[in-house]
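Per chain, numbering begins at 1; letters A, B, ... match sequence-line order.
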2 protein chains.
Amino acid sequence: MADSDTRQRILDAAELLFTQYGFEATTLRRITGAAEVNLAAVNYHFGSKEELIRELFRRRLTWLNQQRLQELDRLEAEAGDKPLKPSQILEVFFGVALRMAADTKGGGRAFMRLLGRTYAKPSDFVRGFLAEEYAAVVARFKAALIKALPGVPGEEILWRFHFMLGAMSYAISGTDALHIVAEDALDDDDAEALYARLMSFMLGGLRAPLPALPAKSAKSPRIRKAA
Amino acid sequence: MADSDTRQRILDAAELLFTQYGFEATTLRRITGAAEVNLAAVNYHFGSKEELIRELFRRRLTWLNQQRLQELDRLEAEAGDKPLKPSQILEVFFGVALRMAADTKGGGRAFMRLLGRTYAKPSDFVRGFLAEEYAAVVARFKAALIKALPGVPGEEILWRFHFMLGAMSYAISGTDALHIVAEDALDDDDAEALYARLMSFMLGGLRAPLPALPAKSAKSPRIRKAA
DNA sequence: GTATGATTCAAACAACTGTTTGAAACATAC
DNA sequence: GTATGTTTCAAACAGTTGTTTGAATCATAC
């Protein structure tokens with residue numbers, strides 16, 4: 001009974017509206033209006049608008065990342081000490097996310113879109129939360145990828161991971177943005193097709209030949225690997 | 001003088017602040033404060049905050065896309081009717097952007113970051129402008145890519161193009177976001193290294209084997225296939 | 001000099017923001 | 001029934017928002 005109906009209604013309405021209009025542009029009055037609760041309910045149940053946002057991320061993101069770690073655990077256990085295939089690793093990390101994004105009914109889609117944007121431009125007060133929530137996950141997946149791709153240096157993998165996050169983010173905010181760019185070219189694919197497309201693109205990128213980096217500019221020691 | 005000093009000062013300050021805090025969270029008072037002009041100057045010179053934003057995009061984006069088309073023209077003229085190499089095409093489209101993004105002094109960097117975010121979540125009133133500004137460019141590059149990659153269907157190319165835009169966007173807002181995820185993993189590479197990394201990733205993705213798409217649901221208008 | 005038009009300025013505007021308040025309504029225990 | 005604690009509600013709060021105003025300043029022409 002800790003979660004009153006009101007709490008849930010607010011979270012759901014907020015998720016949708018934040019996705020549509022962003023954090024700043026979404027007012028408490030619109031949220032409580034859509035949720036059909038009293039204006040003061042947000043501050044009563046969550047304390048403030050910021051904490052509402054944090055709670056919103058918590059309930060989804062924590063679950064999402066637990067899921068990712070859990071599936072990776074299972075896979076690695078199965079494989080013994082043989083390295084996983086890169087495709088397997090990507091399928092776990094992005095598969096979980098895209099499956100969540102495909103869930104239009106439960107609001108997962110709204111959340112994933114919100115997440116993609118927020119990750120690209122974290123408001124100061126979610127930044128810390130994101131870092132905390134992601135650190136362990138990224139570390140685990142980076143390690144798995146390094147093991148899976150012995151030819152590719154860790155730094156490169158991290159960058160490519162980052163590029164992949166970008167591709168995924170755009171894939172999810174997807175259809176909308178594509179209409180900006182291509183007048184009518186696409187009917188909206190279903191999630192499965194998108195998943196297949198994205199995955200083959202990412203795998204291609206991940207396994208691409210290493211770039212010829214410019215002569216490592218004798219950049220003064222950036223406290224890089226400190227003593 | 002059509003362009004008073006004030007106008008320019010406002011645009012520069014606005015570009016920086018919008019990048020840092022987003023459109024909604026950046027107030028006219030902060031802008032005019034940073035630009036050291038009177039508050040009323042924005043409405044006097046631009047009419048409204050929205051038109052200031054539009055003007056801001058206009059002065060950069062128009063130039064950027066003209067540049068892209070121009071370079072593509074030159075390349076295609078050189079090649080006669082032989083198709084270009086995919087790498088050449090990507091180098092034009094993303095090279096121009098990344099060179100602009102590398103320009104920290106002229107404020108190009110600030111703008112490109114702003115653009116990446118805005119593209120992912122266009123405020124209603126820039127959406128139309130973006131579409132108009134991008135339509136021709138994307139059409140040209142799509143055509144060039146189709147010619148360069150006869151094996152890949154146009155729809156697939158468009159999606160991959162979209163994924164690449166995402167990768168680029170994240171690459172540019174880049175270092176910030178990566179610090180969320182990886183505590184200190186990178187000293188800031190120079191733009192050239194980022195360019196090389198991104199390019200090899202994209203080329204890998206662009207040339208990846210085609211995905212095995214799920215049984216194509218009836219393609220005709222919006223109606224979903226009754227599974 | 002004066003006249004004309006563009007630009008700047010401080011001040012005010014109405015509208016909206018997140019938050020607080022204190023009383024009302026509700027539930028659950030005794 | 002009364003008492004107790006939780007939740008809702010309308011109203012108000014103080015602060016900020018983009019925009020407007022009308023007088024002051026500046027530049028340039030006559």
Would you check if A/Val96 and A/Glu71 make a side-chain contact, meaning some heavy-atom pair closer than 4.5 Å?
yes
Just compare C/dT8, D/dT19, C/dT19 and give me whichever is closest to any side-chain atom of B/Tyr44.
C/dT8
Establish, yes or no, whether the cationic atom of B/Arg197 lies under 6.0 Å from the six-membered ring centre of A/Phe163 and within 45° of the ring axis.
no
Taking the basic N atoms (NZ, or NE/NH1/NH2) and the acidic carboxylate oxygens, is any pair closer than 4.0 Å for B/Arg59 and B/Glu55?
no
Give the rounded distance in Å between these two atoms: CZ of B/Phe46 and C1' of D/dT20.
18 Å
Below 4.0 Å: OP1/OP2 of D/dT7 and any side-chain N or O of A/Asn38:
no
Can you find a side chain N or O atom of B/Ser48 that sits less than 4.0 Å from OP1 or OP2 on D/dG18?
no
Does B/Thr6 make a side-chain N or O approach to OP1 or OP2 of C/dT8 shorter than 4.0 Å?
yes
Here the distance between atom P of D/dT16 and atom CG of A/Leu28, to the nearest Å, is 17 Å
Describe the nucleic acid contact of A/Thr26 in one word from base, sugar-phosphate, nothing, applying a heavy-atom distance below 4.0 Å.
sugar-phosphate
Both A/Val42 and B/Ala40 contact DNA chain C. Which one's nearest nucleotide lies toward the 5' end?
B/Ala40
The test is ring-ring contact (aromatic ring centres under 6.0 Å, His included); show your working for A/Tyr195 and A/Phe94 and say whether it passes.
CA-CA 9 Å; A/Tyr195 178 65; A/Phe94 295 101; 9.3 Å; no
Which nucleotide wins on minimum distance to the side chain of B/Arg29, given the candidates D/dG18, D/dA12, C/dT8?
D/dG18
Within less than 4.0 Å of OP1 or OP2 of D/dT8, is there a side-chain N or O belonging to A/His45?
yes
B/Leu39 CG - D/dT16 C1' separation (whole Å):
12 Å
Output the rounded distance in Å from CZ (B/Phe18) to C1' (D/dG18).
12 Å
Using whole Å, report how far CG of A/Leu52 lies from C1' of C/dT19.
14 Å
Check this one for me: any side-chain N or O of A/Asn43 less than 4.0 Å away from OP1 or OP2 of C/dG18?
no
